[in-house]
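Right, one structure below, let's go through it.
By convention here, the first residue in the shown sequence is residue 1.
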Amino acid sequence: MSDDDRRRWDKKYAQAAPAELLQADEWLIDAVEGVPPGRVLELACGLGENAVWLATRGWQVDAVDVSAAGLHAASRLAARHQVTPRLIAGDLDRFLPLPNSYDLVVVFRFLDRHRLPGLVTRALVPGGLLVHETFGPGQCDRPDNHLKNPAFVLERNELPALYGELEVLRYEETVLPDRSVGRLIARQPAV
């Protein structure tokens, strides 16, 4: 990631209002219901809402983001909820997780077609889950669209194809009040 990108994210996150209530993304809540807590890696964690929410439910969380401002906000949110996720300053162009280390990998509102699938499959233990939601078909046609580059939007049925090594458990493309998304829950095959 370029220094300009890092500065842009720092500026965005520094201006973000702190969350009043701790609320994870709906797709994540649905995906982990009934799943016993283990080790989780969140890639591009932003302000840390999902990471902190998971930590409050007993997960051992490693959360990575390139933005120091985002990680600072995540740290404050974690302190407010008396949890200690491991917050990692890292550029996903260079970050490399330990292999076979995580029961769950979480990705929201981030897409890197070339690097992400390899990071995820490397990180997951056999039988581990991926929960990924990002901008999907129709996002650029929305009147409230904020994305300037359509390369950051999925094509139809693209997300499952990116993770061809994983077993797809659930996939949907849907329109939410504030965005259009592709959503995937997939499992690393057991050995």
Side-chain angles (χ1 to χ4, degrees), residues 1-2 5-6 8-9 24-33 35 38-46 48-51 54 59 61-67 70 88 90-142 145-176 178-191:
M1 179 172 281
S2 74
D5 288 334
R6 184 177 291 108
R8 180 175 51 86
W9 284 112
D25 281 281
E26 169 194 320
W27 188 245
L28 176 61
I29 294 168
D30 290 347
V32 300
E33 185 171 334
V35 176
R39 291 194 68 207
V40 59
L41 173 64
E42 183 177 11
L43 300 171
C45 70
E49 293 98 333
N50 286 332
L54 285 162
W59 289 85
V61 179
D62 289 345
V64 181
D65 203 275
V66 71
S67 171
I88 302 166
D91 183 338
L92 293 181
D93 287 343
R94 292 187 287 279
F95 176 77
L96 196 60
L98 291 173
N100 302 316
S101 297
Y102 295 96
D103 303 294
L104 174 66
V105 174
V106 175
V107 184
F108 277 81
R109 289 177 284 286
F110 180 74
L111 179 62
D112 181 333
R113 291 171 173 90
H114 305 290
R115 185 109 167 97
L116 211 49
L119 287 177
V120 168
T121 56
R122 174 188 172 90
L124 283 172
V125 299
L129 293 178
L130 165 66
V131 178
H132 192 164
E133 176 184 293
T134 195
F135 299 104
Q139 176 64 34
C140 290
D141 300 327
R142 294 175 62 101
N145 177 49
H146 67 282
L147 295 177
K148 296 182 178 33
N149 187 343
F152 297 125
V153 176
L154 294 166
E155 298 290 328
R156 293 225 176 270
N157 297 309
E158 182 181 8
L159 201 53
L162 288 175
Y163 295 102
E165 295 180 38
L166 303 181
E167 173 193 356
V168 174
L169 302 178
R170 249 169 87 193
Y171 180 68
E172 64 183 51
E173 294 170 358
T174 191
V175 176
L176 302 175
D178 63 341
R179 63 194 184 278
S180 298
V181 296
R183 298 169 148 179
L184 175 69
I185 302 170
R187 176 179 290 128
Q188 179 85 300
V191 174

Ignoring hydrogens and geometry, is there a side-chain-to-backbone donor-acceptor pair from Glu167 to Arg187 under 3.5 Å? no

Indicate yes or no: at least one non-hydrogen side-chain atom of Val107 is less than 4.5 angstrom from one of Thr134. no

Roughly how far apart are Asp30 CG and Arg183 CZ, rounded to 0.5 Å? 7.5 Å

Heavy atoms only: give me the nearest Val175-Ser180 pair and the separation to one decimal. CG2-OG, 3.9 Å

Going from CG on Asp112 to CZ on Phe152, what distance comes out if it is rounded to the nearest 0.5 angstrom? 9.0 Å

Beyond-backbone contact of Leu111 with Leu154, side-chain heavy atoms, under 4.5 angstrom: yes

Taking Asp25 for the side chain and Trp27 for the main chain, is one N or O donor matched with an acceptor at less than 3.5 Å? no

Test His146 against Arg179 for side chain to side chain contact (heavy atoms under 4.5 Å, CB included), laying out the working first. CA-CA 10 Å; His146 67 282; Arg179 63 194 184 278; over 6 Å; no

Test side chain to side chain contact (heavy atoms under 4.5 Å, CB included) applied to Leu116 and Leu43, step by step: CA-CA 9 Å; Leu116 211 49; Leu43 300 171; 3.6 Å; yes

Do Val105 and Leu129 have side chains that approach each other closer than 4.5 Å (heavy atoms only, starting at C-beta)? no

Would the distance check show the side chain of Glu172 and the main-chain N or O of Leu184 forming a donor-acceptor pair, the cut-off being under 3.5 Å? no

Does a salt bridge link Arg122 with Glu165, judged by any charged N lying under 4.0 Å from a carboxylate O? no

Nearest atoms (heavy-atom pairs only) where Ile29 meets Ala24: CD1-O, 3.6 Å

Strictly distance-based, threshold 3.5 Å: is any side-chain N or O of Arg115 a donor or acceptor partner for the main-chain N or O of Asp93? yes

Minimum heavy-atom distance Asn157-Glu173, with the two atoms named: N-OE2, 2.6 Å

Leu130 side chain near Ile185 side chain, heavy-atom distance below 4.5 Å: no

Identify the two heavy atoms, one from Val168 and one from Pro160, that lie closest to each other, and give their separation to 0.1 Å. CG2-CB, 3.9 Å

With a 4.5 Å cut-off on side-chain heavy atoms, are Glu26 and Glu133 touching? no

Interatomic distance, CG@Leu119 vs CG@Leu41, rounded to 0.5 Å, equals 8.5 Å

Is a side-chain N or O of Ser67 found less than 3.5 angstrom from the main chain of Asp65, in a donor-acceptor match? no

Nearest 0.5 Å, what's the CZ-CG distance between Arg6 and Asp91? 5.5 Å

State the OH-CG distance between Tyr171 and Leu159, to the nearest 0.5 angstrom. 5.5 Å

State, to 0.1 Å, how close Val153 and Arg113 come at their nearest heavy-atom pair, and which atoms those are. O-NH2, 2.8 Å

Audit row: Val40, Val106, side chain to side chain contact (heavy atoms under 4.5 Å, CB included) steps and yes/no: CA-CA 7 Å; Val40 59; Val106 175; 3.8 Å; yes

Less than 6.0 Å separating the ring centroids of His132 and Phe110? no

Determine the minimum heavy-atom distance between Pro97 and Tyr102, stating which atoms define it. CB-CE1, 4.3 Å

Would you say the side-chain atoms of Arg39 pair up with the backbone N or O of Ser101, donor to acceptor, closer than 3.5 Å? yes

Just verifying a value: how many Å separate Leu54 CG and Asp62 CG, rounded to the nearest 0.5 Å? 11.5 Å

